[in-house]
Amino acid sequence: VKTDLGNVIRSSKPLHEQGVIWLVVLFPPPLLLAFLWFWQNHRERLETDIGFARSLGALRSAKKHLATAEKLVTSGSPREYYDALSKAIGQYLADKLNRPLASMTHDVIKDLAVQHLDESDKQKIRDLLDRSEIAVFSSVEISGITRQEDFKSVKELLLDFEKVLK
């Protein structure tokens, strides 16, 4: 049994003299306070600014309509399918621009496309909305392949709008 410690030599500085410990102790509290302040401001803005809240939830809302349309691609009638696609585009733009859904007519949507999208997307949305009007208001039958292509086009258009309308 050793009763004497002998020569104890420290190989490094004491912990309180090292700079790293002060970073670990002093840095997190201000960082946490800054995070809480930003989070509280964000929540407050969501509660008070309806346009901001609608804009943030626009894509989520459009995806719900797209989910409905996806179920109707093969099984549903063209009228219901194209109505769901039109609602997806209209609801997205209404929420993103903080406008009433009733004001999002096909002509308004085409005008918005002209303002914000490139030429190929403008043509896609014109064709899609024209096909949608034909399917909803007439008895013309539209093939399943065209419906699937239109579904892909709507998804791409919504993503393009999302990039442009931040």
Side-chain angles (χ1 to χ4, degrees), residues 27-166:
F27 188 64
L31 187 64
L32 179 65
L33 288 174
F35 171 76
L36 291 174
W37 182 77
F38 281 113
W39 181 65
Q40 179 62 30
N41 284 346
H42 181 74
R43 281 191 51 219
E44 191 174 302
R45 184 167 181 205
L46 279 174
E47 291 171 1
T48 57
D49 188 354
I50 294 170
F52 178 69
R54 285 182 71 191
S55 178
L56 285 182
L59 192 59
R60 189 178 325 119
S61 174
K63 284 182 179 180
K64 287 180 185 176
H65 288 292
L66 283 177
T68 303
E70 189 172 27
K71 292 176 187 172
L72 298 169
V73 167
T74 55
S75 63
S77 72
R79 176 173 288 153
E80 293 170 343
Y81 170 73
Y82 280 100
D83 187 44
L85 284 184
S86 292
K87 282 182 183 176
I89 294 171
Q91 184 71 50
Y92 173 80
L93 289 172
D95 286 345
K96 201 68 173 170
L97 301 172
N98 195 23
R99 292 185 178 178
L101 178 59
S103 74
M104 288 293 129
T105 63
H106 287 186
D107 293 332
V108 171
I109 293 171
K110 289 176 187 175
D111 290 342
L112 287 169
V114 167
Q115 293 172 8
H116 298 289
L117 297 178
D118 62 2
E119 198 57 44
S120 65
D121 287 340
K122 289 177 198 175
Q123 189 59 42
K124 274 187 201 176
I125 203 160
R126 278 189 216 114
D127 293 343
L128 179 71
L129 292 175
D130 290 342
R131 217 174 0 264
S132 175
E133 284 180 347
I134 290 169
V136 171
F137 297 114
S138 73
S139 60
V140 174
E141 190 65 33
I142 298 175
S143 72
I145 294 171
T146 305
R147 287 196 228 171
Q148 291 174 348
E149 289 173 359
D150 288 341
F151 184 77
K152 289 178 186 175
S153 293
V154 169
K155 287 175 86 172
E156 291 170 5
L157 285 169
L158 289 176
L159 292 175
D160 290 343
F161 269 123
E162 187 68 20
K163 291 176 189 172
V164 174
L165 298 175
K166 290 186 178 182

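Please read these numbers as outputs of a predicted model, since none were measured by experiment.
Between Leu72 and Arg147, the closest heavy-atom pair is O-NH1, 3.3 Å. Across every non-hydrogen atom of Ala94 and Arg54, the tightest pair is O-NH2, 3.2 Å. For the residue pair Val108 and Ser103, the shortest heavy atom distance occurs at CG2-O, 3.5 Å. Closest non-hydrogen pair, Ala62 versus Ala88, comes out as CB-O, 3.7 Å. Closest approach of Gly90 to Ile109, counting heavy atoms only: CA-CD1, 4.0 Å. Nearest approach of His106 to Ser132, heavy atoms of both residues: CE1-OG, 4.0 Å.
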Would you sort out whether Thr146 and Phe151 count as a side chain to side chain contact (heavy atoms under 4.5 Å, CB included), showing the intermediate values? CA-CA 9 Å; Thr146 305; Phe151 184 77; over 6 Å; no

If you apply the rule side chain to side chain contact (heavy atoms under 4.5 Å, CB included), what do you find for Gln91 with Leu101, and how did you get there? CA-CA 6 Å; Gln91 184 71 50; Leu101 178 59; 3.3 Å; yes

CA sep, side-chain torsions, deciding dist, call: Gln115, Asp111, side-chain hydrogen bond (donor to acceptor under 3.5 Å, both in side chains): CA-CA 6 Å; Gln115 293 172 8; Asp111 290 342; over 6 Å; no

What verdict does the side-chain hydrogen bond (donor to acceptor under 3.5 Å, both in side chains) test give for Asp150 and Tyr81, after you've listed the backbone C-alpha separation in whole Å, the side-chain angles of each residue and the deciding distance to 0.1 Å? CA-CA 10 Å; Asp150 288 341; Tyr81 170 73; 5.8 Å; no

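Using a 4.5 Å heavy-atom cutoff, the side chains of Tyr92 and Arg60 are not in contact. Counting heavy atoms from C-beta outward, Lys96 and Glu162 have side chains that approach closer than 4.5 Å. Looking at Glu133 and Tyr82, their side chains never come closer than 4.5 Å, going by heavy atoms from C-beta outward.
At a threshold of 4.0 Å, the pair Glu47-Arg43 counts as salt-bridged, since one of the basic side-chain nitrogens sits closer than that to a carboxylate oxygen. Under 4.0 Å is where a charged nitrogen must lie from a carboxylate oxygen, and between Lys87 and Asp83 at least one such pair does. Asp130 has a carboxylate O that lies under 4.0 Å from a charged side-chain N of Lys110, or vice versa, which qualifies the two as a salt bridge.
Heavy atoms of other residues, nucleotides or ligands lying less than 6.0 angstrom from CD1 of Ile50 number 12 at most. Other residues, nucleotides and ligands place more than 12 heavy atoms under 6.0 Å from the NZ atom of Lys122.
Annotation: the span from Leu59 atom CG to Leu165 atom CG amounts to 11.5 Å, rounded to 0.5 Å. Within the model, atoms CD of Glu70 and NE2 of His65 stand 15.0 Å from one another, a figure rounded to the nearest 0.5 Å. We find the CD-NZ distance between Glu149 and Lys124 to be 11.0 Å, quoted to the nearest 0.5 Å. Between the CZ atom in Arg131 and the OG atom in Ser86 there is a gap of 11.0 Å [rounded to 0.5 Å]. The distance from the CG atom of Leu56 to the OG atom of Ser61 is 13.0 Å, given to the nearest 0.5 Å. Between the CZ atom of Arg79 and the CZ atom of Phe137 there is a distance of 9.0 Å, given to the nearest 0.5 Å.
Ile89 pairs with exactly one of Leu112, Leu128, Leu66 by the side-chain contact (heavy atoms from CB on, under 4.5 Å) rule, that one being Leu128.
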